[in-house]
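Here is the naming used below: chain letters follow the sequence lines, and residue numbers restart at 1 for every chain. Computed from a predicted model, the values in this text were never measured in an experiment.
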2 protein chains.
Amino acid sequence: MRLTDEIAAYILQMLELAGDGEAELRRNELAEALGCVPSQINYVLTSRFTPEQGFIVESKRGGGGYIRIRRVKLERGVSPFMHVVNAVGDEISPVTAQAIIENLEDQGLISRNISRVMLAALSDQAYRDIPINIRDRVRASLLKQMLTALIT
Amino acid sequence: MRLTDEIAAYILQMLELAGDGEAELRRNELAEALGCVPSQINYVLTSRFTPEQGFIVESKRGGGGYIRIRRVKLERGVSPFMHVVNAVGDEISPVTAQAIIENLEDQGLISRNISRVMLAALSDQAYRDIPINIRDRVRASLLKQMLTALIT
DNA sequence: TTGACCTTGACCATTCCTGACTTTTGGATA
DNA sequence: TATCCAAAAGTCAGGAATGGTCAAGGTCAA
C-alpha cells in the first residue's frame with residue numbers, strides 16, 4: 001500500500017472516530033507516527049481532501065498549530081452544491097461562473113446577498129493582479145471553496 | 001490550551017461581566033494570576049485585541065497605571081462596509097482578513113453563511129494557483145469587491 | 001516510453017513565549 | 001521646589017514550536 005493511501009486511510013479513520021465529521025491533527029506528529037516526511041501530509045491533503053471530495057481543510061502555523069479537516073458530505077452528490085462542485089472543472093470562465101450562481105439563486109438555494117458576494121468574488125474585476133492565464137483556474141477554485149463552505 | 005488563549009479568554013470574560021463593553025486591568029496582576037510573564041499580556045493584546053477585531057486598547061504607565069480595553073461598535077447607519085473597504089489597503093494577510101470578517105459577523109452585520117463564504121474566498125486554501133508574492137494583493141482586492149457588493 | 005502520481009528534503013513563514021532593558025508617572029524626600 | 005525612587009507598562013530580539021512551498025527525482029501502469 002502506498003504511503004499516500006495509508007495517510008488518507010488514517011485521516012478518514014480519525015474522521016469516523018470523531019463522529020462530528022471533524023478531525024484535528026498535528027502535521028509533525030502524524031508524519032512521525034506514519035513514518036513519512038511532514039510535507040507528505042500536505043500532498044495527501046491537497047490531492048485527496050479537496051472540495052470535490054467534500055472536505056474542507058483549515059490550518060494554523062506556529063506554536064499550538066494544527067490541521068483541521070472537516071467532512072461536509074457523507075455521500076457523493078448528496079447536496080446540490082456538491083453537484084455543482086463536481087461539475088465544475090479545473091477552470092471556469094466568468095460568464096459560466098456567473099450563470100451557475102444566478103441559477104442557484106433562481107432555484108432559491110442561495111440568498112440574494114450570498115449571490116452578490118459570490119458574483120463579486122468570481123468577477124474578473126477582482127483579478128487584476130492575477131496573470132491572465134491562471135484566472136480561470138483561480139475562479140474555479142474559489143467557486144468550489146465557497147460552495148463547499150455553504151454545505152451543512 | 002495555550003497561554004495566549006487563556007489570557008484572551010480571561011479578558012473577554014472581563015468584558016462580558018463588565019457589561020459596558022469596557023474592562024480595566026493591571027498588567028502585572030493579571031500576569032501573576034495567570035502565571036505568565038507580564039510582556040505576554042502585551043503580546044495577547046497586540047495579536048488578539050486589534051482594531052480589526054473591534055477593540056481599542058488604552059493604557060497608562062507608572063503609579064496607578066492600568067490597561068483599559070474597549071469593544072467598539074461599528075456604526076450601523078452609514079454603511080459600515082464602506083468604512084471597512086476604505087480601511088483596507090492594497091494588501092492584506094489571511095489572518096487580518098479573517099479577523100475583519102469575524103468581527104463583522106460578531107457585530108451582526110453579516111450572516112453566518114455570508115461569513116462562511118467570505119472566509120472561504122479569503123483563505124489561502126483557494127489561492128493554490130496564485131503566486132505567493134501576489135496573494136495578499138488578490139485577497140485585498142477580493143475582500144473589497146465582496147464588501148462593496150453588500151452595500152445596497 | 002511516457003505521463004500521471006508519489007516521495008523526499010531543503011528552505012520558508014507564522015505564532016507563541018521569555019527575559020533583559022527602556023520609558024513613564026506619581027509620590028517621597030532633601 | 002527639585003530630585004530621586006519605586007511602581008507601573010512598553011519594546012524588542014531570540015528561540016522554540018508549528019505548518020507551507022517547491023523543485024527534483026522516483027514509480028508504475030497504459
- [ ] Identify whether any heavy atom of B:Ile67 sits under 4.0 Å from a base atom; if not, whether one sits that close to sugar-phosphate; answer base, sugar-phosphate or nothing.
- [x]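 Counting heavy atoms under 4.0 Å across all strands, the contact made by B:Ile67 is with sugar-phosphate only.
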
TODO: Quick one: label A:Ile41 by what it contacts on the DNA or RNA (base, sugar-phosphate, nothing), any heavy atom closer than 4.0 Å.
DONE: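 Nothing, no heavy atom under 4.0 Å.
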
Atom-pair distance ([atom1] on [X]; [atom2] on [N]), nearest Å:
{"X": "B:Arg27", "N": "C:dT23", "atom1": "CZ", "atom2": "P", "answer": "15 Å"}
{"X": "B:Asp124", "N": "D:dG20", "atom1": "CG", "atom2": "P", "answer": "10 Å"}
{"X": "B:Glu24", "N": "D:dA8", "atom1": "CD", "atom2": "C1'", "answer": "13 Å"}
{"X": "A:Ile69", "N": "D:dG19", "atom1": "CD1", "atom2": "C1'", "answer": "13 Å"}
{"X": "B:Tyr127", "N": "D:dT21", "atom1": "OH", "atom2": "P", "answer": "13 Å"}
{"X": "A:Leu25", "N": "D:dA17", "atom1": "CG", "atom2": "C1'", "answer": "16 Å"}
{"X": "B:Glu58", "N": "C:dT24", "atom1": "CD", "atom2": "P", "answer": "18 Å"}
{"X": "B:Leu30", "N": "D:dA9", "atom1": "CG", "atom2": "C1'", "answer": "13 Å"}

- [ ] Choose from C:dT8, D:dT21, D:dA9 the nucleotide whose nearest atom is closest to any side-chain atom of B:Arg26.
- [x]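 The listed nucleotide nearest to B:Arg26's side chain is D:dA9.
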
Open item on the list: Using a strict heavy-atom distance below 4.0 Å, which residues from residues 7-16 of chain B are in contact with DNA chain C?
Closed with: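 Of all residues in residues 7-16 of chain B, none places a heavy atom under 4.0 Å from DNA chain C.
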
Would you please confirm or rule out a distance under 4.0 Å between OP1 or OP2 of [N] and any side-chain N or O of [X]?
{"X": "B:Asn28", "N": "D:dA8", "answer": "no"}
{"X": "B:Arg135", "N": "D:dT21", "answer": "yes"}
{"X": "A:Ser59", "N": "D:dG20", "answer": "yes"}

Task: N/O donor-acceptor pair under 3.5 Å between A:Thr50 side chain and A:Ser47 backbone - done: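 Answer holds: no.
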
Open item on the list: Whether the side chain of B:Glu102 engages the backbone of B:Ala99 through a donor-acceptor N/O pair (distance < 3.5 Å, no angle test) should be reported.
Closed with: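 Here the side-chain-to-backbone pair does not exist.
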
TODO: Salt-bridge test for B:Arg135 and B:Glu91: reply yes if a basic N is under 4.0 Å from a carboxylate O, no otherwise.
DONE: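 Not counted as a salt bridge, because no side-chain N and carboxylate O are separated by less than 4.0 Å.
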
Open item on the list: Less than 4.5 Å apart, side chain to side chain, heavy atoms only: is that true for A:Asp5 and A:Val44?
Closed with: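 Answer no - side chains too far apart.
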
- [ ] Report yes if some heavy atom in the side chain of B:Pro94 is under 4.5 Å from a heavy atom in the side chain of B:Leu122; otherwise report no.
- [x]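 A side-chain contact is absent here, since even the closest heavy-atom pair is not under 4.5 Å.
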
Task: Lys/Arg cation over aromatic B:Phe55: B:Arg71, 6.0 Å, 45° cone - done: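 Yes - B:Arg71 lies over the ring of B:Phe55, closer than 6.0 Å to its centre and within 45° of its axis.
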
Task: Cation-aromatic face contact B:Arg139/B:Tyr127, 6.0 Å, 45 degrees - done: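 Positive - B:Arg139 is close enough to the ring of B:Tyr127 and near enough to its axis.
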
Task: B:Ile101, B:Val85, B:Thr96 screened by side chain to side chain contact (heavy atoms under 4.5 Å, CB included) with B:Leu143, the one that passes - done: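 Output: one option passes, namely B:Ile101.
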
- [ ] Would you kindly compare B:Tyr66 and B:Arg128 by the position of their nearest DNA chain D nucleotide and give the one closer to the 5′ end?
- [x]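 Final value for this comparison: B:Tyr66.
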
- [ ] Using heavy atoms to find the nearest nucleotide of DNA chain D for B:Gly65 and A:Asn42 separately, return the residue whose nucleotide is more 5′.
- [x]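 With B:Gly65 and A:Asn42 compared, the 5'-side residue is B:Gly65.
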
Task: Distance-only side-chain donor-acceptor flag, A:Glu32 / A:Asn28, under 3.5 Å - done: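 Short answer, no.
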
Task: Donor-acceptor pair between A:Thr148 and A:Glu52 side chains, under 3.5 angstrom - done: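 Absent: no donor and acceptor within the cut-off.
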
Using the 3.5 Å cut-off, write out each protein N or O paired with an N or O of nucleotides 13-16 of chain C and the distance between them.
unit_1, atom_1, unit_2, atom_2, d
C:dA13, O4', A:Arg61, NH1, 2.9
C:dA13, N3, A:Arg61, NH1, 3.3
C:dT14, O2, A:Gly62, N, 3.2
C:dT15, O2, A:Gly63, N, 3.1
C:dC16, OP1, A:Lys60, NZ, 3.1
C:dC16, OP1, B:Arg48, NH2, 2.9
C:dC16, OP2, B:Tyr43, OH, 2.5
C:dC16, O5', B:Tyr43, OH, 3.4

